[in-house]
Amino acid sequence: MDVLIEATIPGIRKGMSTFGIEEYDWLSLLGPSTVSDHGDLAMACHSLARVLRKSPVDIAENICTAITPHLEGVAQVTSMNGFVNIKATNSWLSKRVTEVASDPRLGVIKSEIPRTVAIDYSSPNVAKEMHVGHLRSTVIGDALARILTYQGHTVIRENHIGDWGTPFGMLIEHLLDLGEAEAGDELGVGDLDSFYKAARGKFDDDSDFAARSRARVVLLQSGDEETLHLWKVLVNESTRYFNEVYRLLDVLLVDGDLMGESAYHPLLSSVVSRLSDAGLLEESGGADVVFPGGHLNREGEPLPLIIRKGDGGYNYATTDIACIIDRTERLNADDLLYVVGTPQSRHFEMVFEVCRMADLLGEEHRSEHVNFGSVLGSDGKVLKSRSGSAVKLVDLLEESISRATAVVDEKNPGLEDGEKRKIARAVGIGAVKFADLSNDRTRDYVFDWSKMLSFEGDTSPYLQYAHARICSIFTKANDSDWLDYPININDHYEARLARSLLSYRDSFESSARDLMPNRLCTHLLSLSSAFTSFYENCPVLIAEDPEVRNGRLRLCDATARSLKIGLSLLGIEAPERM
Ligand code: ARG
């Protein structure tokens, strides 16, 4: 609980002044307690034994005696086995939780040094099906965009779609073979994979088609108008389909966020000249390359980053360097985040390194590959559809909504149709998002319908249901007498709930700092469970004393708002009825 650390430090400082230990040295020993029964904070005294020439047990006792008078009213201090344990008093908890409940942001503060953050996320490829990896990128990137915006940063969303390169030669030729209208129909319903596969098949089997495709790439690169028009048809049809997925998923991405590879095309030659001016460009096997150092191939030789191929074509990496120039120089971004799967780690390491060598990224920039693992099926292998092909995202999302409809139906059969549809959508989409976000993003996770849609496990339906249940308490209460009531913590379950409400800020800040939405998820789950035990053990509406009733209603209200805001930061809706 950072708020407790802040509240106790002045008192601890006074008490510690007689020990002759630098503040820096004792401060680093103070942290959250690992055994919650012992206290909220603990100071481990073992490392002080050598300096003070006493046993840790004696040191902890001495420190306990010295700081106790300075923490009166704030915390109780005890010592045990060489640890000083600090536990917030109920009166301090009451005061702080009342403040937090009165704050629309529930104690989450805005950053004092707001930054401009470019988040590269979703980034599917034109005329190719979005796969589950793109789903992860979209969901994680969107949550981070919301979290960082809430923290007060300026967030620029960048949807770096793959809309340029040699495959477009064959895609355009295939489009011409089909006729524009028919191709549009096929792509418009999201049949991107079969379109791509058909083009690929012809390219591999038909040498005439392959030759036409190659010539088409040249036309595209040279800006031939007719070719650009056909290319635009492909891009528009695909982005229309991507938008459908985004709308279904309820993410922030809009057309204005599209910043595909093609947008950087005009900058590529200047990438070459800037790297060459920096003295970094070398010739290797006919290509222009940079050796970022530290990266070796399988044979143990230095691995180059290829900037311009022998045939004059540019690479994925060249475009990414152009992106960095654009984001730092035109958009003035301080932080560059890339929400992309782990297999691209080496690519980003090399690109960042080359940019640092060329001074395109400086000390003031943070560039980070926000990597993530794979989504696995129940067989432990990368998720595939029943037919064995890549899972189509719209199908997956629609299936989730239809499964959620059945679940909601069972829970609350009396709901009116329109409301039921809305709730099922919130539950179905929330379940998919939460299952993804609640895992440490760097790990793989197993996609499991029954687990993610359950109202009992560590799921979003569980959180949404907890929220709706609290809303129903207020429908029953049907008054606003509680609004400005002070909260009085007297009971163990009240105290546990108050502690959880007070640590919202810590988990939010840690999620934002390390770009780990799962920490916020974990917090919301433990808040819900603290609420459940509170509600089972502490009568609210039937409490006899109005002070108790109203104070407890405020605890309920703060919990509901924490859940609602927390879920919204993850891009998940919290319906008031379920
Ligand atoms: N389109 C790429 C893919 O599907 C992801 C692009 C990620 N962003 C970037 N700036 N490289 O793998």
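Every number for a ligand or one of its atoms is a count from 1 in the order of the listing. Just so you know, these numbers use all the heavy atoms, side chains as well, and skip hydrogens, waters and symmetry mates.
In this structure, R330 does not pair ionically with E158, as no charged nitrogen and carboxylate oxygen lie closer than 4.0 Å. Of the charged side-chain nitrogens involved, at least one lies within less than 4.0 Å of a carboxylate oxygen, so that R240 and E237 count as a salt-bridged pair. Here D250 does not pair with K433 in a salt bridge; the nearest charged N to carboxylate O distance is not below 4.0 Å.
Ring centroid separation for the pair F203 and H174 does not come in under the 6.0 Å cut-off.
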For a distance cut-off of 3.5 Å, show me each N or O of ligand 1 paired with any protein N or O, plus the separation.
| from | atom 1 | to | atom 2 | distance (Å) |
| --- | --- | --- | --- | --- |
| ligand 1 | 1 (N) | S123 | O | 2.9 |
| ligand 1 | 1 (N) | N125 | OD1 | 2.8 |
| ligand 1 | 4 (O) | N125 | ND2 | 3.0 |
| ligand 1 | 4 (O) | H134 | NE2 | 2.9 |
| ligand 1 | 8 (N) | D120 | OD1 | 3.1 |
| ligand 1 | 8 (N) | D120 | OD2 | 3.4 |
| ligand 1 | 10 (N) | D120 | OD2 | 2.8 |
| ligand 1 | 10 (N) | D320 | OD1 | 2.8 |
| ligand 1 | 11 (N) | Y316 | OH | 2.7 |
| ligand 1 | 11 (N) | D320 | OD1 | 3.4 |
| ligand 1 | 11 (N) | D320 | OD2 | 2.8 |
| ligand 1 | 12 (O) | Q344 | NE2 | 3.0 |

Between Y241 and E129, does the side chain to side chain donor-acceptor pair (under 3.5 Å) criterion hold? Intermediate values first, please.
CA-CA 9 Å; Y241 173 68; E129 181 60 41; 2.9 Å; yes
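In summary, the side chains of Y246 and N159 do present a donor paired with an acceptor at a separation below 3.5 Å, with no hydrogens or angles considered.
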